Number of protein chains: 2
Amino acid sequence: MNATYKDVKSDILSKITSGHWQPGSLIPNEIELAETYGCARATVNRAMRELADDGLIERRRKAGTRVRASPIRQARFDIPLVRREIEDKGAEYRYSLASRSIETAPDWLRTRLQLGQGADALHLVCMHYADGDPFQHEDRWINLEVLPQARDADFSQVGPNEWLVSTIPFSTAEISFSATLADRALAEYLACDTGAPLFTVERATWFEGDANTFVRLTYRPGHRMTTRY
Amino acid sequence: MNATYKDVKSDILSKITSGHWQPGSLIPNEIELAETYGCARATVNRAMRELADDGLIERRRKAGTRVRASPIRQARFDIPLVRREIEDKGAEYRYSLASRSIETAPDWLRTRLQLGQGADALHLVCMHYADGDPFQHEDRWINLEVLPQARDADFSQVGPNEWLVSTIPFSTAEISFSATLADRALAEYLACDTGAPLFTVERATWFEGDANTFVRLTYRPGHRMTTRY
DNA sequence: GAGTGGTCTAGACCACGTT
DNA sequence: ACGTGGTCTAGACCACTCT
């Protein structure tokens, strides 16, 4: 009696994980569950909605609620600023700007960001250090048509990431992970051997339909991105 | 008037993304918002709760609700079965078992899974193909103390992943991504050059406190994992 | 048509944390 | 102490979709 939505959720969850309710099987409807747990239907509804969001059950009007046959496993990763990533490990963060130039966007970038022909872009290469050791190499392009103020921004002290976050805090992004080989330039930046396998993150972000930046982040050898679910 | 929680959510969202409500600023409380939108407080509450879940706002009792200064960026990845990953691309899936043996768990595995000394583990090496081309190499260890039935399972037709999902459908996991170099064996399995950079996923899963499996999945060169947020 | 989940309401009480 | 969000309730109506 007087069950909270958390009580209901965890009880149903345990019925599922224990195998008491088999994958694919039908779960009692909300009214029955409300009676079972002695609570309001809205309380059951919230518990069930969260379980559905977590990918454990599948709900359809009229057809009812079923335990997912093969649960949708999803992992969530926090995408922190490099500075935080480093400082959270208790290391000292240092940033440096390696190069800065204004270029007409190369073809691959125009394709990636859907830019017009001859569009100007600010090209930055930066390094992020943890306790003095190379941690991450950043190769960034900023769309000057959308962000003309980047032309006058000073990136020698503050990284473009932090500048961007304060300039356009909310945007949609496409992010992708892959493995790349250290070429000679990268090897020098990251103080590793040429040919080392490097974990790489690429991110393109948009704000209200316009692409504003593309960045390729390459981590020092051995870097791992970890999460639990 | 008669606003739904989706109306409220998207209106608040646009006030944030447009910069109308600056990062760090205080949002009106639920009662005021309910009056503004002409709906019940519960409706506003649901909208705000979802925005908080999405990492856009920060809520604290008594202190009120604020736009996050630096939004928590989080990406969600679906972790599909390889079979689905391949079939969803419209390619034909093929599986093969390369080796199967029962071994005492090596030290690194015992550490990773917190196994006792001399624990037996089933060691499987498998390949997953897309349209006949190598797609993913799977190096898996299954804890036989927890899953003794794996000893008699036939992994020649069905991959261990699918077997595990149907055997212990729900478990917690630790997953990590990295880049590794193709050694000679991997290069042969994946039909690539030795020294190629390979995207690698490692996953350890637990069920009710007991580790049941550890797997290292290595993708063919050039593989990317992509998502939007 | 009918059963199920999806959502809204008006009100209530509680839990937390700031002041 | 008090203001805010967190949650619950009992009831209502609606939207979807299966039969």
Side-chain angles (χ1 to χ4, degrees), chain A residues 1-16 20-72 74, chain B residues 1-16 20-72 74:
Chain A
M1 292 298 170
N2 283 331
T4 68
Y5 85 90
K6 285 180 183 174
D7 294 335
V8 175
K9 183 178 177 183
S10 76
D11 189 70
I12 291 177
L13 183 59
S14 75
K15 280 202 167 60
I16 293 173
H20 190 281
W21 284 343
Q22 293 288 323
S25 66
L26 199 60
I27 288 179
N29 69 31
E30 296 191 347
I31 295 173
E32 288 177 53
L33 287 172
E35 285 165 7
T36 304
Y37 293 108
C39 63
R41 198 192 129 208
T43 303
V44 172
N45 180 271
R46 174 151 182 204
M48 301 285 270
R49 180 155 35 81
E50 293 198 356
L51 287 168
D53 285 344
D54 295 344
L56 289 162
I57 59 177
E58 205 169 4
R59 321 195 73 193
R60 262 157 53 222
R61 289 159 143 122
K62 166 74 183 177
T65 300
R66 292 179 179 278
V67 180
R68 283 203 111 99
S70 57
I72 293 181
Q74 40 186 10
Chain B
M1 291 300 167
N2 282 331
T4 68
Y5 83 91
K6 285 181 182 173
D7 295 335
V8 176
K9 183 178 176 181
S10 76
D11 188 70
I12 292 178
L13 183 60
S14 75
K15 280 202 166 59
I16 293 174
H20 191 281
W21 284 343
Q22 294 287 323
S25 66
L26 199 60
I27 288 178
N29 70 29
E30 296 191 347
I31 295 173
E32 289 178 52
L33 287 172
E35 286 165 6
T36 303
Y37 292 109
C39 65
R41 198 193 129 206
T43 304
V44 172
N45 180 272
R46 174 152 182 203
M48 301 284 270
R49 180 154 36 80
E50 293 198 357
L51 287 167
D53 285 344
D54 295 344
L56 289 161
I57 59 177
E58 204 169 5
R59 321 196 73 194
R60 265 156 51 223
R61 289 159 142 120
K62 164 75 181 175
T65 300
R66 294 178 178 278
V67 180
R68 284 203 111 98
S70 56
I72 293 183
Q74 38 188 356

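In what follows, chains are A, B, ... by sequence order, proteins preceding strands, each numbered from 1. What you are looking at is a predicted structure, and each value in this text was computed from that prediction instead of being measured.
Contacts of K6(A) classified as side chain to side chain contact (heavy atoms under 4.5 Å, CB included), with partners at least two apart in sequence or in another chain: T4(A). The salt bridge (charged side-chain N to carboxylate O under 4.0 Å, His left out) test applied to R66(B) returns no partner, not counting sequence neighbours. Residues forming a side chain to side chain contact (heavy atoms under 4.5 Å, CB included) with D53(B) (at least two apart in sequence, or on another chain): R49(B).
If you check the side chains of Y37(A) and D7(A), you find no donor sitting under 3.5 Å from an acceptor.
Rounded to an integer number of Å, the gap from CD of E32(A) to P of dG3(C) is 13 Å. Put simply, CZ on R61(A) is 11 Å from P on dG5(C), counting in whole angstrom units.
For residues 40-49 of chain B, proximity to DNA chain C is found at A40(B), R41(B), A42(B), T43(B), R46(B), defined as any non-hydrogen atom under 4.0 angstrom from a strand atom.
Within the structure, every pair that satisfies the salt bridge (charged side-chain N to carboxylate O under 4.0 Å, His left out) test and touches residues 20-33 of chain B, not counting sequence neighbours, is listed here: E30(B)-R41(B), E30(B)-R59(B).
You'll find the side chain of T36(B) stays beyond 4.5 Å of the side chain of P28(B), heavy atoms only. At a threshold of 4.5 Å between non-hydrogen side-chain atoms, the residues I12(A) and L33(A) count as touching.
Side-chain N or O atoms of D54(B) include none that pairs as donor or acceptor with a backbone N or O of L56(B) at under 3.5 Å.
Comparing A63(A) and K62(B) by the nucleotide of DNA chain D that holds the closest heavy atom to each, the one mapping nearer the 5' end is K62(B).
From the 5' end on, the contacts that DNA chain D makes with chain A at under 4.0 Å to a non-hydrogen atom open and close at dT7(D) to dC18(D).
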